[in-house]
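Let me begin by presenting the structure, written as structure tokens, before commenting on it.
Throughout, protein chains are lettered first and strands after them, A, B, ... in sequence-line order, and every chain is numbered starting at 1. The figures that follow rest on heavy atoms only: side chains count, while hydrogens, waters and symmetry mates do not.
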Protein chains: 2
Amino acid sequence: MAEQAGTLRRTPLSRDRILRAAVALADEAGIESLSMRNLAQELGVVPMALYKHVANKDELLDGMIDVIVGEIEPLVPDADWQRALRRRILSARQVLRRHLWAPLAIESRNMATPAVLAYLDSMVGTLRAGGLSADLAHHVMHALGSRILGFSQELFDASRQAGRSGATEPEPAAGLPPEAAARFPHLAEIATAASHDDGSVVGQGCDDQFEFEFALDLLLDGIERLRQQGWRSAHRPG
Amino acid sequence: MAEQAGTLRRTPLSRDRILRAAVALADEAGIESLSMRNLAQELGVVPMALYKHVANKDELLDGMIDVIVGEIEPLVPDADWQRALRRRILSARQVLRRHLWAPLAIESRNMATPAVLAYLDSMVGTLRAGGLSADLAHHVMHALGSRILGFSQELFDASRQAGRSGATEPEPAAGLPPEAAARFPHLAEIATAASHDDGSVVGQGCDDQFEFEFALDLLLDGIERLRQQGWRSAHRPG
DNA sequence: AACGATAGGTGTACGCCGTATACCTGTCAA
DNA sequence: TTGACAGGTATACGGCGTACACCTATCGTT
């Protein structure tokens with residue numbers, strides 16, 4: 001392409017090009033194969049060239065997170081704070097479904113990039129505009145936690161596996177193996193409960209999107225109830 | 001100690017001794033400095049010796065998780081499912097506060113060890129005994145997510161920092177720096193809200209334990225309400 | 001037109017990491 | 001006495017992030 005002899009130069013590196021390539025590589029090959037060396041190769045460049053544009057790998061990861069935060073739908077004003085928040089969070093979730101490595105990356109970082117802070121700030125703004133006290137809004141942000149960014153760490157979660165290898169298809173196998181089902185009867189029972197048409201098991205028949213919305217609405221409804229009651233923090237009544 | 005000349009042999013390795021040493025090392029020095037080499041040195045042994053007792057580093061991490069799951073208080077029967085669950089989850093949280101590396105380790109593993117499954121199974125048992133349908137119990141387990149194991153991934157969390165380095169003291173600094181407070185007014189506002197006697201900011205004055213219980217109770221109360229309503233899943237009415 | 005600064009890509013090397021493989025050695029059953 | 005075997009050792013390989021010294025094309029200034 002741009003690699004012909006002599007005169008034609010390769011398109012130059014830039015922080016932005018690096019970040020987008022890194023996101024693409026993590027999307028396709030999994031976060032565990034995102035190394036400075038692999039990334040450089042992908043860009044047709046020697047590894048150390050990257051360091052002219054990003055300080056180190058941690059900063060690269062921060063930049064990648066900023067890229068995907070930038071993909072979240074902007075805030076849509078709505079008189080109903082619950083609806084506005086819900087909509088944006090579900091948009092964030094759609095973004096993360098395209099970038100399965102992101103939860104692990106976010107979890108492993110220190111989280112202080114301006115893009116993330118701006119996103120969080122606007123979410124708090126929605127809460128305040130909806131009539132929540134600063135006090136309550138504070139606790140709500142903690143309660144929602146990573147759900148605000150569109151993910152939650154499930155304890156039995158097929159997508160975690162998928163997030164490492166770049167597998168996009170939904171992992172065919174592995175509910176409870178039969179001998180485990182005998183040892184853990186309650187897990188076996190709920191594995192087949194809430195299954196769908198196919199009567200399949202957790203990880204197969206279990207609808208991630210439904211589980212996410214179920215938990216989200218449980219929280220949002222509880223919060224709205226507190227707001228209506230004019231909830232005030234009663235702890236450490238100093 | 002047991003290292004004297006000739007006759008006295010060093011106390012022999014064992015899987016258990018390795019796991020406990022690994023947990024101790026992660027507790028003290030942070031998970032990022034838990035390498036097979038460091039661990040071996042800690043045990044006065046050559047790195048490859050460990051591989052006679054654990055298959056590889058991933059299995060080591062699984063074993064470490066099992067160790068800490070074993071530290072969680074056993075289930076205390078209670079007529080009130082909410083109280084029983086709450087008590088055990090808060091016990092799990094106390095355990096994790098002693099092992100700040102654990103959330104990151106758990107998050108990064110594939111999660112299928114029998115010890116964890118047994119723990120989850122007993123929690124589901126509590127829900128079922130409390131009158132929740134298998135269906136509802138299933139969704140509840142997803143909704144609680146990692147909170148069942150006593151942690152939640154906060155987005156602004158000082159303990160994540162602490163979880164990497166082995167710092168045990170609660171990280172003195174770092175609320176919002178002043179120029180950030182100007183750019184993110186809502187964050188600045190809630191940072192000082194819900195502060196305590198000292199009027200300090202998120203990460204300083206913010207009471208982790210309170211935030212955890214606030215979110216937990218929000219969920220548990222919402223669930224109990226659903227149970228009383230005889231909630232049934234209405235989605236995908238196939 | 002010549003030049004020096006500078007931005008950006010290169011090459012080499014260091015010290016970590018996990019772990020495969022082969023080897024040694026002390027213990028104990030036969 | 002022997003020989004199998006469990007468990008600790010020695011060496012080595014390929015990968016990682018990245019420090020450091022180097023080269024080179026570009027461009028504003030003289």
Which residues pass the side chain to side chain donor-acceptor pair (under 3.5 Å) test with B/Glu189, not counting sequence neighbours? A/Arg128
Within the modelled atom types, does a donor on one side and an acceptor on the other bring the side chain of A/Arg37 and the base of D/dG17 under 3.5 Å apart? yes
Residues B/Phe210, A/His142; criterion ring-ring contact (aromatic ring centres under 6.0 Å, His included); working and verdict: CA-CA 10 Å; B/Phe210 178 84; A/His142 280 285; 9.6 Å; no
Per-pair distances, 0.1 Å, donor-acceptor, side chain in residues 37-44 of chain A, under 3.5 Å, sequence neighbours excluded:
| residue | atom | partner | partner atom | Å |
| --- | --- | --- | --- | --- |
| A/Asn38 | ND2 | A/Ser33 | O | 2.9 |

By salt bridge (charged side-chain N to carboxylate O under 4.0 Å, His left out), which residues pair with A/Asp62, not counting sequence neighbours?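 Listed in chain order: A/Arg109.
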Under the salt bridge (charged side-chain N to carboxylate O under 4.0 Å, His left out) test, residues paired with B/Arg15 that sit two or more places apart: B/Glu59
Nucleotide nearest [X] (side chain, heavy atoms from C-beta), chosen from [options]:
| X | options | answer |
| --- | --- | --- |
| B/Ala49 | D/dG17, C/dT19, D/dG8 | D/dG8 |
| B/Met36 | D/dT9, C/dG18, D/dG17 | C/dG18 |
| A/Asn38 | C/dT10, D/dC16, D/dT9 | D/dC16 |
| B/Met48 | C/dG9, D/dT18, D/dA10 | D/dA10 |

[N] [atom2] sits how many Å from [X] [atom1], rounded?
| X | N | atom1 | atom2 | answer |
| --- | --- | --- | --- | --- |
| A/Gln41 | C/dG11 | CD | P | 14 Å |
| A/Leu13 | C/dT10 | CG | C1' | 13 Å |
| A/Glu32 | D/dG15 | CD | C1' | 14 Å |
| A/Leu39 | D/dT18 | CG | P | 13 Å |

Taking only heavy atoms on the protein side, list every residue of residues 50-58 of chain A lying under 4.0 Å from any atom of DNA chain C, sorted numerically.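 DNA chain C contact set from residues 50-58 of chain A: A/Lys52, A/His53.
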Non-neighbouring partners of B/Val67 that pass side-chain contact (heavy atoms from CB on, under 4.5 Å), sequence neighbours left out: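 So B/Val67 forms a side-chain contact (heavy atoms from CB on, under 4.5 Å) with B/Leu19, B/Val23, B/Glu71.
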